[in-house]
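Chain letters run A, B, ... following the sequence lines, proteins first, then strands; residues in each count from 1.
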2 protein chains.
Amino acid sequence: MGVALQNDSFTISDLAREFDVTSRTIRFYEDEGLISPERRGSARLYSRADRARLAWILRGRAVGFALADIRELLDLYEPGRARRGQLEATLEKCRARINALHEQRDAIDATIAELDQFCATITAKL
Amino acid sequence: MGVALQNDSFTISDLAREFDVTSRTIRFYEDEGLISPERRGSARLYSRADRARLAWILRGRAVGFALADIRELLDLYEPGRARRGQLEATLEKCRARINALHEQRDAIDATIAELDQFCATITAKL
DNA sequence: CTTTACCTTTACGTTCGCGTCAACATCAAA
DNA sequence: TTTGATGTTGACGCGAACGTAAAGGTAAAG
């Protein structure tokens, strides 16, 4: 049985189990440039940072981001070059995302409200 | 120019313009059984109720529902038959949806928080 | 040494949500 | 009457996000 590879690293199926996705999905995200684990031979070895990154990816997915969007946002986090124009552009993109998320949340709230109301109507009929 | 067809009905491109989708999209939703406007000859004629229904569909889409899910939810609204077992099943599905929406909202809040934080970091660098 | 349980790559298949012609009808304005 | 503008029904196409074999490597356990 899996003897704990090395205390702070995970196999692909460790992460798959933990986050309830398939290994295929995780490999696909790697193909798409979203994550880049180390290799031990040919096998993938995920660090805690990789694990956190995957969590971010999956939360992005949960809020409806396309994978390309997620990759872009993750790239923004990279503190690579800090030219002023770049930073301003990044800021703009980031704010646009935030605005979209606020609207989406409003839509969710409205939907929850309607469904709650509907539940109440049904409950009344019982 | 379009002289107002009849006060409370709309053409497909009226709705397309109003909701910023293409006519193709609206027809597609009809193919999928999400909406069923009347016909004036072969042309579609949307009532206010149809318009409201389309709004519901699009908000469902905005919160990430699949079209099949939206159809199911719209079907639940139909007050057709009221067998007790049916009502209970409907109630369950409805509550499950609500729970999922709450989780999704939490994910959105967390993402907003992180992006806000990130914006602040960038702003500090400027 | 063989089995079991993983891992790998390659590659074709599938579902969803439309986009994009094509070919045709209708109706009002010029 | 010709010309748009708008409507219609197919039907094929496409990108996204994986699913699903197929074929094989590796390492520990029996």
Is the shortest side-chain N/O distance from A:Thr11 to OP1 or OP2 of C:dC7 below 4.0 Å? yes
Gap between atoms CD1 and C1', on A:Ile26 and C:dC7 respectively (whole Å): 13 Å
Determine, for nucleotides 15-22 of chain C in 5'-to-3' order, which nucleotides have protein heavy atoms under 4.0 Å from the base (write B), from only the sugar-phosphate (write S), or from neither (write -). --BBBB--
Rounded to whole Å, CD of A:Glu30 lies from C1' of C:dT9 at a distance of 12 Å
Between CZ of A:Arg17 and P of C:dC7 the distance, given in whole Å, is 7 Å
Phosphate-side-chain proximity, B:Arg44 and D:dG7, N/O vs OP1/OP2 below 4.0 Å: no
How close or far is atom P of C:dC7 from atom CZ of A:Phe10, stated in whole angstroms? 14 Å
Take atom CG in A:Asp31; do more than 12 heavy atoms of anything else shown fall under 6.0 Å from it? yes
So, using side-chain contact (heavy atoms from CB on, under 4.5 Å) as the criterion, who are the partners of A:Asp69 when residues are at least two apart? A:Phe65, A:Ala66, A:Arg97
Measure the distance from CZ on A:Arg40 to C1' on D:dA28 and round it to the nearest whole Å. 14 Å
Pairing residues for B:Glu103 by the side-chain contact (heavy atoms from CB on, under 4.5 Å) criterion, not counting sequence neighbours: none
Measure the distance from CG on A:Asp69 to P on D:dA17 and round it to the nearest whole Å. 8 Å
B:Arg27: which residues meet the salt bridge (Lys or Arg N to Asp or Glu O under 4.0 Å) condition with it, sequence neighbours left out? none
What is the distance, to the nearest angstrom, from the CZ atom on B:Arg27 to the P atom on D:dT6? 13 Å
Scan the side chains in residues 116-126 of chain A for donor-acceptor partners under 3.5 Å anywhere in the protein, sequence neighbours excluded, and list what turns up.
residue, atom, partner, partner atom, Å
A:Thr121, OG1, A:Gln117, O, 2.8
A:Thr123, OG1, A:Cys119, O, 2.7

Rounding to a whole Å, what distance do you find between B:Leu45:CG and D:dT6:C1'? 13 Å
Using the test side-chain contact (heavy atoms from CB on, under 4.5 Å), find all partners of A:Glu30 that sit at least two apart in sequence or belong to another chain. A:Ile35, A:Pro37, A:Arg39, A:Arg44, A:Tyr46
